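Have a look at the structure below before the remarks.
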Amino acid sequence: MVLTCTAAATTKPLPIILLRGLSREQAHWGDFIGQLQRAVVNPVLALDLPGVGQALNESSPASIAQMVSLLRQRLTRQQGPYHLLAMSLGAMVAIEWAAQYPQEINSLLLINTSAAGLTPFYQRLKWQSYPLVVQALFASVQKREQLILQLTANNVRLRQLQLPDWQHIALTRPVRKLDVLRQLLAASRFRLPQQPACPILLLASRADRLVDWQASQRMADLWQVPLLLHSCAGHDLALDAPDWLLQQVVPFYLQQNGAASSGQLPST
């Protein structure tokens, strides 16, 4: 059985909602939000998962479905349906959202994500990253952000330039360790629901040192949807390869906008 997403009843471009990954907030998108907004006519909105950023006062659930519920409660002022552009843990939330509330989601653009039962645990979180992940959990704020950048970005120069900003974010809006552990637990439990029928595009990095790109490949094979691969960027495509990311994202949304104006959902 395939769930059906509802096409927009109007030609007005639908909002694009951005969701980040484990322990990351909307500020970690950096310049990408503005770059995307300048490149598309759709409104662009970044939402924070419970326990981080503007949702720091919320306790993170240990369930992806409960994260969806909390996010929906914060969208009372922004009428849907929506496009979801989401990375890693955020992409799991996006998939669950489209599965539970297909009438609210018009498309999914998913970056470097995975699911239990589809990919072995040592590919969902690459075994080579385990020592740095554990070290990051117990490190000082400054050292933790350095380790996270080391895990998620392959461009050494960009890591050095970004580190002060990420350390400032972490010191200004510190994420509770318990919330990080709950996010990890939620991610470990996540299994793919029935495939939403809305357009889906997967993006992944062959050189991702945190999540094996084959996790995205298996999802693409199962769902028979496109997967586009970057050859050398790290897990954080928005930081490591923003120009390439925009080159994939913008045509996808132009296609969705064209389909909305004709009252049709494009096939993937």
Side-chain angles (χ1 to χ4, degrees), residues 17-26 28-29 46-53 55-56 58-72 84-100 108-138 144-145 147-149 151-153 175-196 200 202-205 208-220 222-223 234-238:
I17 295 179
L18 278 61
L19 300 174
R20 262 282 183 168
L22 181 74
S23 80
R24 304 292 88 181
E25 62 165 81
Q26 58 185 274
H28 290 105
W29 287 107
L47 281 184
D48 287 323
L49 297 180
V52 302
L56 198 61
E58 296 179 2
S59 294
S60 177
S63 156
I64 298 295
Q66 290 175 346
M67 292 182 187
V68 171
S69 178
L70 289 172
L71 288 174
R72 292 179 69 246
L84 297 182
L85 190 165
M87 181 186 301
S88 198
L89 172 63
M92 301 176 204
V93 175
I95 293 167
E96 186 68 22
W97 195 338
Q100 287 193 31
L108 295 173
L109 202 156
L110 310 172
I111 303 170
N112 286 326
T113 195
S114 66
L118 184 64
T119 309
F121 71 91
Y122 53 84
Q123 289 183 336
R124 296 194 68 204
L125 185 63
K126 294 177 84 167
W127 64 267
Q128 297 93 332
S129 70
Y130 292 178
L132 288 182
V133 170
V134 173
Q135 188 179 348
L137 283 171
F138 298 98
R144 183 188 70 213
E145 295 305 309
L147 291 169
I148 291 173
L149 277 166
L151 282 167
T152 59
V175 180
R176 294 176 293 270
K177 190 176 298 183
L178 181 58
D179 284 322
V180 177
L181 293 173
R182 285 172 174 160
Q183 286 187 345
L184 280 168
L185 181 57
S188 71
R189 293 170 166 173
F190 176 70
R191 290 181 174 269
L192 279 186
Q194 296 166 349
Q195 180 184 350
I200 301 171
L202 301 180
L203 303 178
S205 310
D208 188 337
R209 289 184 290 170
L210 193 64
V211 177
D212 198 307
W213 67 271
Q214 293 184 65
S216 292
Q217 183 67 69
R218 293 188 181 186
M219 193 177 297
L222 177 66
W223 282 354
H235 185 70
D236 193 341
L237 272 171

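Because the structure is predicted, anything quoted here is derived from the model rather than measured. Values below: all heavy atoms of this structure, side chains included; hydrogens, waters and symmetry mates excluded.
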| note | Note: Tyr130 and Tyr122 closest approach over all heavy atoms is OH-CA, 3.6 Å

| request: Say whether, by atom type as modelled, one donor and one acceptor occur between the side chain of Asp48 and the main chain of Gln26 under 3.5 angstrom. | output: yes

| query | Should Leu222 and Leu192 be marked as a side-chain contact (heavy atoms from CB on, under 4.5 Å) after you check the CA-CA gap, both sets of side-chain angles, and the distance that decides it? | reply | CA-CA 10 Å; Leu222 177 66; Leu192 279 186; 3.8 Å; yes

| request: Identify the heavy atoms of Ser23 and His28 that sit nearest to each other, and give their distance. | output: O-CE1, 4.4 Å

| task | List the atom of Ala62, the atom of Leu185, and the distance in Å for their closest heavy-atom pair. | result | CB-CD2, 3.8 Å

| field | Distance (rounded to the nearest 0.5 Å) between Leu151 CG and Gln135 CD | value | 9.5 Å

| note | dist Ile95:CD1 -> Phe190:CZ (nearest 0.5 Å) comes out at 4.5 Å

| message | Keeping Ser69 on the side-chain end and Gln66 on the backbone end, is there a donor-acceptor pair under 3.5 Å? | response | no

| note | Taking every heavy atom of Arg124 against every heavy atom of Ala187, the minimum-distance pair comes out as NH2-O, 2.8 Å

| request: To the nearest 0.5 angstrom, please state how far the CE atom of Met67 sits from the CG atom of Leu47. | output: 13.5 Å

| said: Do Leu210 and Leu125 make a side-chain contact, defined as non-hydrogen atoms from C-beta onward lying under 4.5 Å apart? | reply: yes

| request: Please examine the side chains of Met87 and Leu18, heavy atoms only from C-beta on, and report whether any two atoms are closer than 4.5 Å. | output: no

| query | Got a second to check how far Ile17's CD1 is from Leu71's CG, nearest 0.5 Å? | reply | 8.5 Å

| task | Check for a donor-acceptor pair, side chain of Gln183 on one end and backbone N or O of Leu22 on the other, with a separation under 3.5 Å. | result | no

| His235 and side-chain hydrogen bond (donor to acceptor under 3.5 Å, both in side chains): which partner among Ser205, Ser88, Ser129? | Ser88

| said: Just verifying a value: how many Å separate Leu85 CG and Arg20 CZ, rounded to the nearest 0.5 Å? | reply: 10.5 Å

| Glu145 with Arg24: basic N within carboxylate O range, under 4.0 Å | yes

| field | Audit row: Trp97, Val68, side-chain contact (heavy atoms from CB on, under 4.5 Å) steps and yes/no | value | CA-CA 6 Å; Trp97 195 338; Val68 171; 3.9 Å; yes

| task | Just do the side-chain contact (heavy atoms from CB on, under 4.5 Å) check on Thr113 and Val211 with the steps written out, would you? | result | CA-CA 7 Å; Thr113 195; Val211 177; over 6 Å; no

| Closest heavy-atom contact between Gly51 and Arg176? | CA-NH2, 4.5 Å

| request: For residues Gly53 and Glu25, report the shortest heavy-atom separation together with the two atoms involved. | output: CA-OE1, 3.3 Å

| task | Not counting sequence neighbours, which residues clear salt bridge (Lys or Arg N to Asp or Glu O under 4.0 Å) with Arg182? List them please. | result | Asp179

| said: Using the salt bridge (Lys or Arg N to Asp or Glu O under 4.0 Å) criterion, which residues pair with Arg191? Sequence neighbours excluded. | reply: none

| In Å and rounded to the nearest 0.5 Å, what is the CD to OG1 distance from Gln214 to Thr119? | 8.5 Å

